[in-house]
Colleague: 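My questions will all concern the structure given below.
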Amino acid sequence: MPVRVQTEDFDISAEILALRAGRSDVGAVASFIGVMRDFNEGSGVTELTLEHYPGMTEKSLQQIVDEAHGRWRLQDALVVHRVGCMRPADQIVLVVALSAHREEALAACAFIMDFLKTRAPFWKKERTPEGERWVESRASDDAAAGRWLPGDPR
Amino acid sequence: MPVRVQTEDFDISAEILALRAGRSDVGAVASFIGVMRDFNEGSGVTELTLEHYPGMTEKSLQQIVDEAHGRWRLQDALVVHRVGCMRPADQIVLVVALSAHREEALAACAFIMDFLKTRAPFWKKERTPEGERWVESRASDDAAAGRWLPGDPR
Amino acid sequence: MIAPMATVDLLYFARLREALGIERERLVLPEGVATTGELRAWLAARGGAWASELDARRQVRMAVNHDLAGAGQRLSDGDEVAVFPPVTGG
Amino acid sequence: MIAPMATVDLLYFARLREALGIERERLVLPEGVATTGELRAWLAARGGAWASELDARRQVRMAVNHDLAGAGQRLSDGDEVAVFPPVTGG
């Protein structure tokens with residue numbers, strides 16, 4: 001499955017190995033891991049809870065992966081996103097893109113992360129010394145996703 | 001050591017784990033693995049021999065990593081490049097960049113690969129059914145490295 | 001005209017779910033409510049937290065049957081309509 | 001003027017090493033050879049594979065003491081000078 005939502009942690013080596021199995025035409029493996037930091041928006045963060053919208057999450061991630069396949073020549077691509085309760089330094093999300101060439105694998109990896117950040121229905125709630133709070137979306141994430149759209153001036 | 005040249009294979013999970021050890025401010029881990037393909041320039045390739053220039057290799061890789069640190073806010077970066085004899089599907093090179101933010105980690109990873117491809121003294125010799133041949137450098141690699149230089153029109 | 005007695009399932013997520021104190025409800029679309037935008041305005045008219053959370057100045061996203069939807073999307077009987085804040089995964 | 005009897009270590013890599021049939025040599029810089037470019041021209045004048053491999057139209061890179069060097073870089077006694085084709089790692 002090219003997209004998975006799970007509470008368990010993941011291992012990047014095992015995921016890449018499974019993705020590459022039986023393929024000898026892969027020249028480039030680009031990957032990204034999003035990790036929980038212990039600090040955000042001026043506060044220490046001791047715990048993170050990730051909520052999602054089952055059904056829509058998988059569908060939106062699949063659409064993002066499909067769109068990446070349409071833009072670049074990828075042999076395969078994978079998204080694993082965790083939900084539930086996490087602690088600092090925990091892995092949150094993994095994206096892997098396989099291609100014959102590095103430019104396409106790296107671009108696809110950046111693209112998938114940018115769209116995931118603005119389109120996939122996940123929400124983060126942080127526990128800080130001041131109490132719990134929902135993470136606010138960032139304008140910079142909208143800007144990052146916008147650069148892939150036609151007509152973007154950059 | 002942020003740069004290593006070795007004959008042995010590497011494991012991306014172990015490398016990332018070691019690089020992240022003791023850090024809870026990392027939010028983004030971008031990585032790239034270059035893999036040996038069984039096909040290049042119209043021929044099947046059964047074996048690859050990687051030669052390098054000991055001393056200059058380490059120095060040039062370190063300069064590339066230092067330059068990446070100067071351009072982006074990275075918590076750490078790693079380059080592992082193998083030399084010697086390799087077979088299809090073998091891993092050749094690993095680049096990892098750690099940052100608080102994904103944009104910087106991904107850009108640094110692409111930058112290091114582009115400069116490594118044009119500046120680090122490695123040479124590939126392929127064995128094909130037609131015999132052995134030295135791999136020719138690609139104009140597209142020069143172009144990729146050029147986009148990071150000041151005054152590049154793109 | 002929408003079909004008489006069109007029923008939708010409404011789902012709320014994250015901050016909205018907590019602030020509104022509701023996770024899901026089944027709603028017979030009231031007269032004059034044929035699009036996502038009209039539905040949002042009708043829900044805001046419930047007052048209290050509904051008014052403040054769904055105010056036109058607040059960033060609210062809606063999805064119909066698991067696809068993000070603009071304010072003009074028409075609703076049909078049996079639709080699953082989700083209402084949530086901007087996403088923050090990754 | 002360069003110092004009399006300046007000596008450099010010359011290293012050859014990859015296709016050049018094979019085509020020239022030599023891995024390294026120690027060279028007392030001949031008169032009139034003070035830069036990497038002049039050294040390359042002097043080596044090409046050895047004829048045969050030297051002429052064809054180091055011809056001005058061939059892509060050849062040089063490094064002095066482990067740093068890539070342009071054609072105008074001056075050479076000093078004790079320098080390690082490497083001559084090689086464009087790199088193809090990664």
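A, B, ... follow the sequence lines: proteins, then strands. Residue 1 opens every chain.
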Colleague: Between A:Lys124 and chain C, which part of the residue has a heavy atom less than 4.5 Å away: side chain, backbone, both or neither?
Modeller: both
Colleague: Name the region of A:Glu58, side chain, backbone, both or neither, that has any atom closer than 4.5 Å to a heavy atom of chain C.
Modeller: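 Contact with chain C: none, neither part.
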Colleague: Taking atom CD of A:Glu41 as the centre, does the number of heavy atoms from other residues, nucleotides or ligands within less than 6.0 Å exceed 12?
Modeller: no
Colleague: A:Phe111 vs A:Trp72, test: ring-ring contact (aromatic ring centres under 6.0 Å, His included). Steps then yes/no.
Modeller: CA-CA 10 Å; A:Phe111 170 86; A:Trp72 296 281; 5.3 Å; yes
Colleague: Give the ring-plane orientation class for A:Phe122 versus A:His81, where under 30° counts as parallel, over 60° as perpendicular and anything between as tilted.
Modeller: parallel
Colleague: Between A:Ser60 and chain C, which part of the residue has a heavy atom less than 4.5 Å away: side chain, backbone, both or neither?
Modeller: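 Looking at A:Ser60, nothing touches chain C.
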Colleague: Set out, in order, the CA-CA distance, both residues' side-chain angles and the distance that settles ring-ring contact (aromatic ring centres under 6.0 Å, His included) for A:Tyr53 and C:His66, then state yes or no.
Modeller: CA-CA 9 Å; A:Tyr53 178 4; C:His66 296 165; 5.2 Å; yes
Colleague: Is it the side chain or the backbone of A:Lys117 that comes within 4.5 Å of chain C heavy atoms, both, or neither?
Modeller: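 Answer is both: backbone and side chain atoms of A:Lys117 are under 4.5 Å from chain C.
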